[in-house]
Amino acid sequence: EKADLISQIKQVADKKAGFSPTAKAFKRDAQQAYGVILLYYKGIGANHSAGMKYLKTAAKSNPTKSFISTYQIGHRAYKGIDQQINLSTAANWMIKSYEAVQERQRKTL
């Protein structure tokens with residue numbers, strides 16, 4: 001069921017990752033997923049500020065591997081979603097997202 005899946009994502013997002021790079025990556029991905037879920041279900045009572053906290057935590061842990069978070073944070077600052085429009089903040093976060101995607105594409109080629 002959807003509620004069970006969301007609960008599992010939250011558990012991973014809140015879990016201590018230790019020193020394992022795989023566990024850290026799994027946790028970071030769960031933080032991004034749970035953050036986006038909270039942002040987009042705001043209309044039915046989800047806590048969007050907690051969603052932003054999860055996204056910022058993931059982005060700060062490793063911006064080059066958190067391009068979902070960096071893009072979301074930048075996009076929301078650019079559009080003024082749940083905040084004042086802030087082009088400086090938008091550019092700061094979105095450039096991190098752009099650089100992460102470019103790096104991933106470079107490695108793929």
Side-chain angles (χ1 to χ4, degrees):
E1 198 166 314
K2 290 179 186 177
D4 289 335
L5 178 59
I6 293 171
S7 176
Q8 290 170 356
I9 293 170
K10 183 182 185 323
Q11 287 174 10
V12 173
D14 292 340
K15 185 178 179 182
K16 299 276 187 215
F19 296 104
S20 166
T22 303
K24 287 180 181 181
F26 195 52
K27 176 178 178 152
R28 186 176 50 251
D29 288 348
Q31 288 171 329
Q32 292 182 99
Y34 192 62
V36 169
I37 289 167
L38 291 176
L39 292 178
Y40 286 93
Y41 284 103
K42 173 187 168 192
I44 58 170
N47 185 342
H48 86 283
S49 61
M52 285 298 289
K53 181 181 171 194
Y54 278 99
L55 290 177
K56 286 181 180 179
T57 300
K60 289 177 182 178
S61 72
N62 190 334
T64 61
K65 295 186 178 173
S66 303
F67 57 87
I68 293 169
S69 290
T70 56
Y71 177 81
Q72 283 292 323
I73 296 166
H75 173 76
R76 296 174 81 75
Y78 178 75
K79 293 285 189 176
I81 301 171
D82 297 324
Q83 60 188 295
Q84 293 286 349
I85 291 174
N86 186 326
L87 300 182
S88 177
T89 298
N92 179 49
W93 285 107
M94 291 182 94
I95 195 69
K96 291 176 184 177
S97 180
Y98 172 79
E99 289 169 348
V101 171
Q102 291 298 309
E103 179 66 16
R104 183 172 282 196
Q105 287 178 338
R106 186 189 64 76
K107 285 181 180 178
T108 302
L109 296 175

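Any value given below was found using the heavy atoms of this structure, including those in side chains, with hydrogens, waters and symmetry copies removed.
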How long is the gap from CE on Met94 to CD on Gln72, to the nearest 0.5 Å?
9.0 Å

Can you name the closest pair of heavy atoms from Ser97 and Phe67 and give their distance?
OG-O, 3.2 Å

Is any side-chain heavy atom of His75 closer than 4.5 Å to one of Ile81?
yes

Non-hydrogen side-chain atoms of Ile85 and Tyr78 separated by less than 4.5 Å:
no

In the single-linkage hydrophobic clustering (I, L, V, M, F, W, Y; side-chain heavy atoms under 4.5 Å), do Tyr34 and Met52 co-cluster?
no

Cationic N near anionic O, under 4.0 Å, Glu103 to Arg106:
yes

Set out, in order, the CA-CA distance, both residues' side-chain angles and the distance that settles side chain to side chain contact (heavy atoms under 4.5 Å, CB included) for Glu99 and Thr70, then state yes or no.
CA-CA 10 Å; Glu99 289 169 348; Thr70 56; over 6 Å; no

For Leu39 and His48 the tightest heavy-atom approach is CD2-O, 3.4 Å

Running the 4.5 Å side-chain criterion over Ile, Leu, Val, Met, Phe, Trp and Tyr, what cluster does Tyr98 land in, apart from itself?
Ile95

same_hphob_cluster(Tyr40, Ile9) at 4.5 Å side-chain heavy-atom cutoff
no

Distance check, rounded to the nearest 0.5 Å: Lys53 atom NZ versus Leu38 atom CG?
11.5 Å

For the CG atom of Asp29 and the OG atom of Ser66, what is their distance to the nearest 0.5 Å?
8.0 Å

4.5 Å side-chain heavy-atom contact, Asp82 and Lys42
yes

To the nearest 0.5 Å, atom CG of Asn47 lies from atom OH of Tyr54 at 9.5 Å

State yes or no: do Ile44 and Val36 share one hydrophobic cluster built from I, L, V, M, F, W and Y residues joined by side-chain heavy-atom distances below 4.5 Å, directly or via other members?
no

Enter the distance from Leu55:CG to Gln32:CD here, rounded to the nearest 0.5 Å.
7.0 Å

Would you say that Asn62 contacts Lys24 through its side chain, given a criterion of any heavy-atom pair below 4.5 Å between the two side chains?
no

Taking all heavy atoms of Ser69 and all of Ala59, pick out the closest pair and write down the distance.
CB-CB, 3.9 Å

Which of Lys27, Arg28, Lys56 passes side-chain contact (heavy atoms from CB on, under 4.5 Å) with Ser61? Answer is Arg28

Looking at Lys10, Lys16, Gln11, which hits side-chain hydrogen bond (donor to acceptor under 3.5 Å, both in side chains) with Asp14?
Lys10

